[in-house]
Amino acid sequence: MNILITGGNGFIGSHTIISLREHYPHARLVIADNLTNSTLETFTNLKKLVKEGIEFYNINICNEEEVATLFINYSFNAVIHFAGLKAVGESVEKPLKYYRNNLISTLNLVKYCLIYDVGKFVFSSSATVYGNGESPFIESHSLLPTSNPYGETKAICERILIDVANTNPEFCVSILRYFNPIGAHESGLIGEAPNGIPNNLMPYITKVAKGELETLHVFGNGYPTIDGTGVRDYIHIMDLADGHVAALVNLKPGVNIYNLGTGNGTSVLQLIDTFEKVNGVKIPYKIVNPRSGDLATIYADARKAERELNWNAKRSIEDMCRDAWNFAKNTVTI
Ligand code: NAD
Ligand code: UD1
């Protein structure tokens, strides 16, 4: 079995490769990543964990010739498409960059899957496609406009995949809508290490814990939630990774859409509290104004994946906080 993993050097892709190796010990795992948001250090560490049958190509998936060459050289059985740009704020500043990268990469891959009869496709979507809706989000909800170009790229890619699968019954697609992945592989060798000042909560917390940033800014405490701070469905990155294997193993004809979340919400203050208790470190924080575009509460209805993929998230918020810190405390970031 040959599996193409675009963006496989990134946060979610690299952890998924570990789950893929455990489930498919003899598969050839081919990463195509242009290192736009990752470094080769991740691949070096991934090789320590996965050892054999893993190959890396520095390829931009938007470059059709490079994609064509890859499909000619390998007879892929499946594609997992992680490659994408994901910073919401940047997508508002530079919409064309996001539309170009996230749409053209998907169009190229789908085209070559059809040409070379690759009938298994797993796509990284996001809870963001539910827009300004009401939690728990369920896959059958109709999608509302998202508040930013990043979210729109995910919604449009979903549409493209549905349309293509409609006229090509041999093209089977699993669309995975992720909630908030955090944590790291238990080895501490790979994890989430964004450059610069992080946008997302957990990488910000670990930088404060390391003393690289002074204070965490909590974006608002006036929401209608348990303690007034935003509530999210945090999911351990290794549970999310296992969700991809479950999606591939249980892939059905047509397009099937699954939420990958835990079904539970945790507030910002609850996450800080758990992080401090589990790791024995202090996270100084101050309450600031809400971040524009944030919703009060986002969590999944995760029952469809449990029913159809026989998958559910097993790790706790404590596990997520411990593993995130285990990775971050030893990692030198820029
Ligand atoms: P990431 O930035 O860590 O990984 C993405 C990888 O794709 C990076 O290594 C980057 O270098 C690569 N890449 C980007 N554009 C490319 C291109 N044109 N050609 C080749 N490689 C390219 O992000 P992640 O957190 O691992 O996210 C993976 C996917 O999941 C993305 O599509 C993202 O939008 C989606 N997603 C992420 C989250 C999240 O919270 N992390 C939530 C929902 C959806
Ligand atoms: C954000 C994106 C979402 C994307 C996801 C993963 C927005 C509006 N949404 O989700 O589209 O899929 O990241 O990349 O940007 N918080 C703080 N202080 C911080 C950072 C965050 O209080 O420094 C709060 C937020 O207000 C929110 C929670 O922590 O309540 C989680 O935030 P974050 O980690 O950025 O994820 P989302 O906003 O859910």
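For ligands, and for the atoms within them, numbers begin at 1 and follow the listed sequence. Computed from a prediction, not measured in an experiment: that's the story for all the values here.
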Participant: Between N312 and K314, do the side chains contain an N or O donor and an N or O acceptor separated by less than 3.5 Å?
Facilitator: yes

Participant: Using a 4.0 Å cutoff against the non-hydrogen atoms of N60, which atoms of ligand 1 qualify?
Facilitator: 17 (C), 18 (N), 19 (N)

Participant: Using distance alone, determine whether S125 and ligand 1 share an N or O pair under 3.5 Å.
Facilitator: no

Participant: Show me which atoms of ligand 1 lie under 4.0 Å from any heavy atom of G10.
Facilitator: 3 (O), 4 (O), 9 (O), 26 (O)

Participant: Purely on distance, is any nitrogen or oxygen of K86 under 3.5 Å from one on ligand 2?
Facilitator: no

Participant: Distance under 4.0 Å to a non-hydrogen atom of V218: what atoms of ligand 2 satisfy this?
Facilitator: 22 (O)

Participant: How does N199 reach ligand 2, by side chain, by backbone, by both or by neither, if only non-hydrogen atoms under 4.0 Å count?
Facilitator: backbone

Participant: Which residue owns the protein heavy atom closest to atom 38 (O) of ligand 2, what's the atom, and how far is it?
Facilitator: R291 NH2, 2.7 Å

Participant: Any idea which of F11, F82, Y57 brings a heavy atom closest to atom 31 (C) of ligand 1?
Facilitator: F82

Participant: For K154, take its heavy atoms, then give the atoms of ligand 1 lying under 4.0 Å from any of them.
Facilitator: 31 (C), 32 (O), 33 (C), 34 (O)

Participant: Is there a donor in the side chain of Y178 and an acceptor in the side chain of S124, or the other way round, less than 3.5 Å apart?
Facilitator: yes

Participant: Name the option, out of K86, E66, R177, that contains the heavy atom nearest to atom 23 (O) of ligand 1.
Facilitator: K86

Participant: Considering the heavy atoms of H217, write down every atom of ligand 2 situated less than 4.0 Å from one of them.
Facilitator: 17 (C), 18 (N), 19 (C), 22 (O), 23 (O)

Participant: Please could you name the atoms of ligand 1 that Y150 approaches to less than 4.0 Å, counting only its heavy atoms?
Facilitator: 33 (C), 34 (O), 35 (C), 36 (N), 43 (C), 44 (C)

Participant: Only heavy atoms count here, so choose which of L295, N221, N200 is nearest to atom 1 (C) of ligand 2.
Facilitator: N200

Participant: Would a hydrophobic clustering, with Ile, Leu, Val, Met, Phe, Trp and Tyr connected at side-chain separations under 4.5 Å, put Y112 with L109?
Facilitator: yes

Participant: May I ask you to check if ligand 1 and L85 share an N or O to N or O distance below 3.5 Å?
Facilitator: no

Participant: On a heavy-atom basis, I'd like to know which of T39, N101, I182, V129 is closest to atom 15 (N) of ligand 1.
Facilitator: N101

Participant: Determine, considering heavy atoms only, which of Y178, Y98, F179 sits nearest to atom 36 (N) of ligand 1.
Facilitator: Y178

Participant: Please state whether Y223 comes within less than 4.0 angstrom of ligand 2, counting heavy atoms only.
Facilitator: no

Participant: At less than 4.0 angstrom from any non-hydrogen atom of S124, what atoms of ligand 1 do you find?
Facilitator: 29 (C), 30 (O), 32 (O), 35 (C)

Participant: Give a yes-or-no answer on whether the side chains of Y99 and E152 include a donor-acceptor pair shorter than 3.5 Å.
Facilitator: no

Participant: Any nitrogen or oxygen of D294 lying under 3.5 Å from a nitrogen or oxygen in ligand 2? Just yes or no.
Facilitator: yes

Participant: Relative to the heavy atoms of S126, which atoms of ligand 1 are at a distance of less than 4.0 Å?
Facilitator: 43 (C), 44 (C)

Participant: So if I count the atoms of ligand 2 from 1 in the order they appear, which ones are less than 4.0 Å from some heavy atom of T128?
Facilitator: 11 (O)

Participant: Can you find an N/O atom of A32 closer than 3.5 Å to an N/O atom of ligand 1?
Facilitator: no

Participant: Give the contacting part of S105 toward ligand 1: side chain, backbone, both or neither, where contact means a heavy-atom distance below 4.0 Å.
Facilitator: neither

Participant: Under a 4.0 angstrom heavy-atom cut-off, which atoms of ligand 2 come close to S126?
Facilitator: 12 (O)

Participant: Tell me, please: is L35 in heavy-atom contact with ligand 1, that is, under 4.0 Å?
Facilitator: yes

Participant: Heavy-atom distance to atom 9 (O) of ligand 1: which of N9, D33, I5 wins?
Facilitator: D33

Participant: Counting only nitrogen or oxygen atoms and a 3.5 angstrom limit, does F219 reach ligand 2?
Facilitator: yes

Participant: Please give me the minimum heavy-atom distance between I175 and S125, naming the atom from each residue.
Facilitator: CG2-CB, 3.7 Å

Participant: Among all protein heavy atoms, pick out the one at the shortest distance from atom 19 (N) of ligand 1; state its residue, atom name and that distance to 0.1 Å.
Facilitator: I61 N, 3.0 Å

Participant: Among R315, H185, H236, whose side chain to side chain donor-acceptor pair (under 3.5 Å) with D323 holds?
Facilitator: H236

Participant: Is the closest N or O pair between L201 and ligand 2 shorter than 3.5 Å?
Facilitator: yes

Participant: Between Y258 and N250, is there a side-chain donor-acceptor contact under 3.5 Å, judged purely by atom types and distance?
Facilitator: no

Participant: Just to confirm my output: which protein heavy-atom neighbour is closest to atom 39 (O) of ligand 2, and how far is it?
Facilitator: R232 NE, 2.6 Å

Participant: Answer with side chain, backbone, both or neither: which part of V268 has a heavy atom less than 4.0 angstrom from an atom of ligand 2?
Facilitator: side chain

Participant: What is the minimum heavy-atom distance between I3 and A27, and which atoms define it?
Facilitator: CD1-CB, 4.4 Å

Participant: Run the numbers for me: atoms of ligand 2, each under 4.0 Å from some heavy atom of V88, listed by number.
Facilitator: 2 (C), 3 (C), 7 (C), 9 (N), 11 (O), 15 (O)

Participant: Does NZ belonging to K304 count more than 12 external heavy atoms closer than 6.0 Å?
Facilitator: yes

Participant: Considering non-hydrogen atoms of the protein only, which is the closest contact for atom 28 (C) of ligand 2, and what is the distance?
Facilitator: Y234 OH, 3.5 Å

Participant: Please list, in number order, the atoms of ligand 1 under 4.0 Å from a heavy atom of P181.
Facilitator: 39 (C), 40 (O), 41 (N)

Participant: Would you kindly say whether S316 and D319 are connected by a side-chain donor-acceptor distance under 3.5 Å?
Facilitator: yes

Participant: Look only at interatomic distance and state if N34 has a nitrogen or oxygen under 3.5 Å from any nitrogen or oxygen of ligand 1.
Facilitator: yes

Participant: Is there a heavy atom in N180 that sits closer than 4.0 Å to ligand 2?
Facilitator: yes

Participant: Report, in ascending order of atom number, the atoms of ligand 1 lying under 4.0 Å from any heavy atom of T36.
Facilitator: 10 (C), 11 (O), 13 (N), 14 (C), 15 (N)

Participant: In terms of relative ring orientation, are F137 and H141 parallel, tilted or perpendicular, with 30° and 60° separating the classes?
Facilitator: perpendicular

Participant: Check for a donor-acceptor pair, side chain of N45 on one end and backbone N or O of L189 on the other, with a separation under 3.5 Å.
Facilitator: yes

Participant: Tell me whether R28 is salt-bridged to E55, with the criterion being a basic N under 4.0 Å from an acidic carboxylate O.
Facilitator: yes

Participant: From atom 20 (C) of ligand 1, work out which of I59, N58, I104 has a heavy atom at the shortest distance.
Facilitator: I59

Participant: Between S19 and H244, is any side-chain donor less than 3.5 angstrom from a side-chain acceptor?
Facilitator: no

